Number of protein chains: 2
Amino acid sequence: MNLPEIIAQLRDNGHKVTPQRIAIIKTVLESPELLTPSALYEKVKKADPGVGAVTVYRTLNILEELGLVCVVHTGDNTHSYIGCPAEHHDHLICADCGKVVNFTHCNLGLLEKRLIAETGFAISEHRLDFYGRCEKCGKKRFVAEASARTIVLRE
Amino acid sequence: MNLPEIIAQLRDNGHKVTPQRIAIIKTVLESPELLTPSALYEKVKKADPGVGAVTVYRTLNILEELGLVCVVHTGDNTHSYIGCPAEHHDHLICADCGKVVNFTHCNLGLLEKRLIAETGFAISEHRLDFYGRCEKCGKKRFVAEASARTIVLRE
DNA sequence: ATGGTTGCAAAGACTTTGCAGGAGG
DNA sequence: CCTCCTGCAAAGTCTTTGCAACCAT
């Protein structure tokens, strides 16, 4: 989902395309990491100081409603946003830096069928989030552990 | 995870077992549906009016921290709680009534391996939630649609 | 006995809303 | 032009914190 696509979707749904909204959308799309509304507001402000926090909230609500961005509920009491493909996808999230990798083809069809058969539920969708540490943060962690060990040896 | 197990876990972790906490835990365990903190507070109050909302929040935080209940992030801006088994499990959630079915053996090992190989992430856990309508709510919906149709025919 | 716990009230954080002025289509 | 959008301030909601009294161990 890129900027022109999102703009088109906004227009098609009767929303206006303002400089503020473009700044907000661009910031979301350019960020590889999850952004809370306030983190997003801070980022947007740097690029375009004439955007208020309220507009960020309102824009995010519209984008979320139209499925143009993805909402990820993180451990704390708020949720974060991330750009995403239009089709169904799931997430791989770095618990350290918040980086998100989207992936498609989760292949949960069989599991879903079994659950339907066993529970009588009608399943309409799912959310699958993997949590871990991205390659970069994994290395950082390794370095941190190594230097901690060094300090111990010096005593 | 039943009441005695949870009580034991609380004691083992240096927390005291008070009547309020027991009332809260019982209410969570007896509810098949997701409960937001305030919904839980309302339920607990009926069974035991001498429990304050603050205590519900504090108790939930402890239970969550010890992994004695499960937190599910729902669509709105809050999270809900549900009793759960001690081992790894995932959820099947009724979008209508909030009923939750826990299931184990999600068999995501292969998918996880592929993701690790392709992204370099170190994956430590995941969350898989299926959303749909439970058997009961599916029937209610059918009845509702049927009666709506009846009303239209009467015009 | 003593240290965690409770409930109240107050503070805090986050999000939404009302409104007047302003800009997009 | 008309309608939707913006930003400010205020209100609203949810959650946490300070504190004195209380209770589990």
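Per chain, numbering begins at 1; letters A, B, ... match sequence-line order. Small disclaimer: the values here were computed from a predicted structure and weren't measured.
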If the cut-off is 4.0 Å, is [X] near the phosphate of [N], judged by side-chain N/O to OP1 or OP2?
X: A:R21; N: D:dT6; result: yes
X: A:Q20; N: D:dG7; result: yes
X: A:T18; N: C:dA23; result: no
X: B:H15; N: C:dG4; result: no
X: B:Y57; N: D:dT16; result: no

Please check if the side chain of B:T59 supplies one atom and the backbone of B:T55 the other of a donor-acceptor pair under 3.5 Å.
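It does hold such a pair.
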Specify the separation, in whole Å, of atom [atom1] of [X] and atom [atom2] of [N].
X: A:D48; N: D:dC5; atom1: CG; atom2: P; value: 18 Å
X: B:Y41; N: C:dT6; atom1: OH; atom2: C1'; value: 12 Å
X: B:N61; N: C:dT5; atom1: CG; atom2: P; value: 12 Å
X: B:I24; N: C:dT5; atom1: CD1; atom2: C1'; value: 11 Å
X: B:L40; N: D:dC14; atom1: CG; atom2: P; value: 14 Å
X: A:L10; N: C:dG24; atom1: CG; atom2: P; value: 15 Å
X: B:H73; N: D:dT15; atom1: NE2; atom2: P; value: 12 Å
X: B:H79; N: D:dT13; atom1: NE2; atom2: P; value: 18 Å

Are A:F103 and A:H105 close enough that their ring centers fall under 6.0 Å?
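Judged by ring-centre distance (under 6.0 Å), A:F103 and A:H105 do not meet the cut-off.
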Are there more than 12 heavy atoms of other residues, nucleotides or ligands under 6.0 Å from atom NZ of B:K99?
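At most 12 heavy atoms, drawn from other residues, nucleotides or ligands, come within 6.0 Å of this atom.
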DNA chain D: 5'-proximal contact among B:P37 and A:G50 (nearest heavy atom)
A:G50
Hey, which sits more toward the 5' end of DNA chain D by its nearest nucleotide, A:K16 or B:V54?
A:K16
With heavy-atom distances below 4.5 Å as the criterion, would you say the side chains of B:V69 and B:I82 are in contact?
no
For the base of C:dG7, is there a side-chain donor-acceptor partner from B:R58 under 3.5 Å away?
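Yes, the side chain and the base share a sub-3.5 Å donor-acceptor pair.
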Non-hydrogen atoms of B:L108 and A:L108 that approach each other most closely
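Heavy atoms of B:L108 and A:L108 come nearest at CD2-CD2, 3.5 Å.
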Closest-nucleotide mapping onto DNA chain C: is B:G14 or B:V51 further toward the 5' terminus? I mean the 5' end.
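Whichever sits nearer the 5' end wins; that is B:G14.
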